[in-house]
S.K.: 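Below you will find the structure I want to go over with you.
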Amino acid sequence: MEPAKLTPKSLSAFQQALLDYYDKCRRSLPWRDENDPYRILVSEVMLQQTRVETVREYYRRWLKQFPDLQSLAAADSHEVLKAWEGLGYYRRARRLHETARVIVEQGNGTVPRTLDGLRELPGIGEYTAGAMASIAFGEAVPAVDGNVRRVLSRIFDVSDPRPSWLRGTAAGLIERDRPGDWNQALMELGATVCVPRRPECDVCPVSTWCLAHQAGTESDRPTKSKRSCPKRIQLALAVLYDDQQVFLIRRFWDGLLGGMWAFPEVEVSGMSDAETGARAAALSRGIGVVGVGQPLPTCKHRFTHIEATYHPFAFRSAVSPVEDGAVWVLATAPTSFALPTAQKKVLASFVEHIL
DNA sequence: CAGTCGTGGAC
DNA sequence: TGTCCAAGACT
């Protein structure tokens with residue numbers, strides 16, 4: 001087909017081409033062909049900044065554990081966090097839990113049906129509200145995620161589209177009969193064909209109308225922002241143990257890994273090895289440490305904006321009564337305690353070297 | 001508004 | 001190896 005420009009006159013052909021592609025080629029996903037607002041909600045929150053393949057299994061287990069809004073609203077915070085363990089961005093779990101409680105307690109269990117109503121809920125931003133409103137309730141509103149941003153940036157050959165332009169443009173393209181499918185079709189195209197690197201324009205159903213493809217600029221659209229390099233920090237960490245038990249504390253709800261269980265730690269960036277060991281020992285004050293700390297191999301862990309190097313030390317101790325927010329658990333099976341990936345690494349190292 | 005907030009996979 | 005990125009939200 002000859003190159004064409006996307007105009008009000010050609011819009012319906014563009015819509016038809018993309019929806020045909022979606023109907024024919026869409027991936028089979030557990031949350032597709034689903035009209036339960038709660039299930040749509042869970043999938044959308046899990047998918048925030050997280051790959052489809054990662055979400056699949058979490059989604060399945062989550063619905064088994066929390067089959068509806070009521071069961072989630074009634075759940076314990078730590079139980080919720082444990083179900084989210086390993087997914088990352090743990091504040092999402094807390095906000096999803098809050099949202100469930102708000103809907104059950106204030107909304108009588110009825111999920112808001114409009115974008116504006118959904119937008120009020122914690123953890124539901126412009127994208128998620130648009131996705132929910134269009135997919136679950138058929139409201140003709142845009143849902144601009146990273147995929148849609150890339151697709152529109154290429155179709156209109158805009159290097160750095162502003163959020164307001166994206167919303168307005170996406171709103172003007174919506175196929176009014178199938179808003180939910182339309183938004184998902186745009187995302188599906190971005191996820192499978194109009195991908196960041198080496199887009200497959202030769203099989204793209206809408207390349208005819210793509211200005212970037214016509215100009216040969218698709219690889220440069222949208223412009224990739226240079227992100228700041230992660231901060232490097234050193235952390236001393238204390239593994240207090242007695243027989244097979246280790247000591248964990250619950251992190252504060254605010255901040256990194258909020259609410260997760262972890263070994264006591266302290267930042268020691270720039271300090272000497274001796275000072276690092278001393279700071280690790282200081283972490284165990286008051287817990288009844290018996291001997292000196294045994295250093296474990298350091299391990300690196302990369303967060304989004306932090307490159308952390310952990311310096312773990314194992315201290316033989318004695319199980320003693322602990323206050324709220326601390327616990328002794330079996331090192332080989334800390335079940336029911338949500339542990340961050342980095343802490344699991346340290347725990348595995350401890351089990352291997354000390355136990 | 002630029003920074004905060006995880007993790008695993010692709011290349 | 002490092003680098004980028006993935007159905008963002010919130011401050």
Side-chain angles (χ1 to χ4, degrees), chain A residues 22 26-27 29-32 34 39-59 81 84-96 98-99 118-136 142-151 162-164 166-167 170 180-192 194-199 219 222-233 251-260 262 300-308 338-345:
Chain A
Y22 181 67
R26 65 178 173 175
R27 294 167 294 175
L29 303 176
W31 46 88
R32 284 262 164 88
E34 178 64 64
R39 295 185 169 219
I40 305 290
L41 170 65
V42 171
S43 71
E44 290 300 342
V45 174
M46 283 189 173
L47 285 163
Q48 289 167 6
Q49 295 291 283
T50 308
R51 304 183 108 83
V52 164
E53 291 313 312
T54 302
V55 168
R56 281 183 187 273
E57 183 60 13
Y58 280 92
Y59 179 78
L81 209 46
W84 205 270
E85 179 186 57
L87 252 188
Y89 288 137
Y90 297 99
R91 207 164 295 174
R92 291 182 297 174
R94 196 178 172 201
R95 289 179 176 142
L96 179 58
E98 287 175 30
T99 278
L118 290 160
R119 196 68 180 73
E120 301 290 317
L121 297 167
I124 301 193
E126 196 63 29
Y127 161 75
T128 304
M132 288 276 297
S134 61
I135 297 170
V144 180
D145 72 335
N147 290 308
V148 176
R149 176 174 184 270
R150 183 171 56 256
V151 168
R162 311 316 311 163
S164 59
L166 285 167
R167 280 197 301 276
D181 284 344
W182 173 257
N183 284 333
Q184 292 187 83
L186 276 175
M187 291 188 270
E188 186 76 358
L189 185 72
T192 62
C194 195
V195 292
R197 285 176 295 198
R198 301 168 59 86
S219 295
T223 311
K224 38 187 178 293
S225 60
K226 37 185 174 287
R227 61 189 59 186
S228 52
C229 47
K231 189 200 307 181
R232 292 180 143 75
I233 63 171
R251 297 175 62 96
F252 296 115
W253 283 105
D254 292 325
L256 186 69
L257 306 171
M260 304 287 283
K300 290 184 180 300
H301 186 79
R302 177 182 48 82
F303 299 94
T304 302
H305 58 295
I306 295 172
E307 170 87 28
L339 291 178
T341 298
Q343 305 294 314
K344 288 185 169 183
K345 289 187 199 172

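Chain letters run A, B, ... following the sequence lines, proteins first, then strands; residues in each count from 1.
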S.K.: Base, sugar-phosphate alone, or nothing: which one does E126(A) contact when heavy atoms must sit under 4.0 Å apart?
M.R.: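 Sugar-phosphate only.
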
S.K.: Is it the case that R92(A) and T50(A) place a side-chain donor and acceptor less than 3.5 Å from each other?
M.R.: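 Yes, because at least one side-chain N or O of R92(A) sits under 3.5 Å from a partner of the opposite role on T50(A).
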
S.K.: Quickly work out the R51(A) CZ to dC11(B) C1' distance and round it to whole Å.
M.R.: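 Going from CZ in R51(A) over to C1' in dC11(B) covers 11 Å.
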
S.K.: Please evaluate the base of dG6(B) for a donor-acceptor partner in the side chain of R91(A) within a cut-off of under 3.5 Å?
M.R.: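 Between dG6(B) and R91(A), which were checked side chain against base, a qualifying N/O pair under 3.5 Å is absent.
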
S.K.: Can you tell me if K345(A) and H301(A) form a side-chain donor-acceptor pair at under 3.5 Å?
M.R.: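 Yes.
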
S.K.: Return no unless some side-chain N or O of Q49(A) is found under 4.0 Å from OP1 or OP2 of dA6(C).
M.R.: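 For dA6(C), neither OP1 nor OP2 has a side-chain N or O of Q49(A) closer than 4.0 Å.
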
S.K.: Would one find more than 12 heavy atoms of other residues, nucleotides or ligands at under 6.0 Å from atom CZ of R198(A)?
M.R.: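 Atom CZ in R198(A) is not packed in, count stays at 12 or less.
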
S.K.: Mind checking R27(A) for me? I need base, sugar-phosphate or nothing, with any heavy atom below 4.0 Å counting as a touch.
M.R.: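 Here R27(A) touches the bases of the nucleic acid.
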
S.K.: Could you give the distance separating dC1(B) and dG8(C) at their C1' atoms, to the nearest angstrom?
M.R.: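 That atom pair is separated by 15 Å.
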
S.K.: Counting only side-chain nitrogens and oxygens, does Y90(A) get under 4.0 Å of the OP1 or OP2 atom of dT7(B)?
M.R.: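 Affirmative; the distance criterion is met.
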
S.K.: Is the phosphate of dG3(B), meaning OP1 or OP2, less than 4.0 Å from a side-chain N or O of H305(A)?
M.R.: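 No.
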
S.K.: On a whole-Å scale, what distance lies between the P atoms belonging to dA7(C) and dA10(B)?
M.R.: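 Going atom to atom, P in each nucleotide, I get 14 Å.
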
S.K.: Using atom CZ of R94(A) as one end and atom P of dC10(C) as the other, report the distance to the nearest whole Å.
M.R.: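 Taking CZ of R94(A) and P of dC10(C), I get 13 Å after rounding.
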
S.K.: If I take atom NZ in residue K231(A) and atom C1' in nucleotide dA2(B), what distance separates them, rounded to the nearest angstrom?
M.R.: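 Distance check: K231(A) NZ to dA2(B) C1' gives 14 Å.
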
S.K.: Is a donor-acceptor contact shorter than 3.5 angstrom present between the side chain of T50(A) and the base of dG6(B)?
M.R.: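 Answer yes: a donor N or O sits under 3.5 Å from an acceptor.
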
S.K.: Pick base, sugar-phosphate or nothing for A143(A), based on heavy-atom distances below 4.0 Å to the nucleic acid.
M.R.: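 Result for A143(A) = nothing.
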
S.K.: So what does L29(A) hit on the nucleic acid, given a heavy-atom distance under 4.0 Å: a base, only sugar-phosphate, or nothing?
M.R.: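 Since a base atom lies under 4.0 Å of L29(A), the category is base.
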
S.K.: What does T128(A) touch in the nucleic acid at a heavy-atom separation under 4.0 angstrom: a base, only the sugar-phosphate, or nothing?
M.R.: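 Sugar-phosphate, backbone atoms only, no base.
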
S.K.: Within the supplied structure, the quantity of interest is the number of heavy atoms (other residues, nucleotides, ligands) at a distance under 6.0 Å from R232(A) CZ; does it exceed 12?
M.R.: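 Open.
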
S.K.: Would you please say whether a donor-acceptor pair under 3.5 Å links the side chains of Y127(A) and E44(A)?
M.R.: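 Indeed, the side chains of Y127(A) and E44(A) share at least one donor-acceptor pair under 3.5 Å.
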
S.K.: Looking at dT7(B), I'd like to know if its phosphate oxygens (OP1 or OP2) sit under 4.0 Å from a side-chain N or O belonging to T341(A).
M.R.: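 Affirmative; the distance criterion is met.
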
S.K.: If the C1' atom of dC5(C) is compared with that of dC5(B), how far apart are they to the nearest Å?
M.R.: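 Per the computed distance, 16 Å lies between those C1' atoms.
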
S.K.: Within the 4.0 Å heavy-atom criterion, would you say R149(A) contacts the bases, only the backbone, or no part of the nucleic acid?
M.R.: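 R149(A): no heavy atom of the nucleic acid under 4.0 Å.
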
S.K.: Side-chain donor-acceptor pair under 3.5 Å between Q184(A) and R32(A), yes or no?
M.R.: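 Present: a donor and an acceptor within the cut-off.
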
S.K.: Distance criterion of 3.5 Å, no angle test: do you see the side chain of R197(A) paired donor-to-acceptor with the base of dC11(B)?
M.R.: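 Donor-acceptor pair under 3.5 Å: no.
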
S.K.: Taking only the P atom of each, what is the distance from dT11(C) to dG6(B) in whole angstrom?
M.R.: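 That atom pair is separated by 15 Å.
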
S.K.: Scan G86(A) against the nucleic acid and name what it touches under 4.0 Å (heavy atoms): base, sugar-phosphate only, or nothing.
M.R.: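 Sugar-phosphate contact only.
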
S.K.: Assign G258(A) to base, sugar-phosphate, or nothing according to its heavy-atom contacts below 4.0 angstrom with the strands shown.
M.R.: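 No contact.
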
S.K.: Indicate, with a heavy-atom threshold strictly under 4.0 Å, whether W84(A) touches base, sugar-phosphate, or nothing.
M.R.: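 If one applies the 4.0 Å heavy-atom cut-off, W84(A) turns out to touch nothing in the nucleic acid.
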
S.K.: Considering heavy-atom distances to DNA chain B, does R302(A) or I306(A) have its closest nucleotide positioned more toward the 5' end?
M.R.: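 Its nearest nucleotide lies further toward 5', so the answer is I306(A).
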
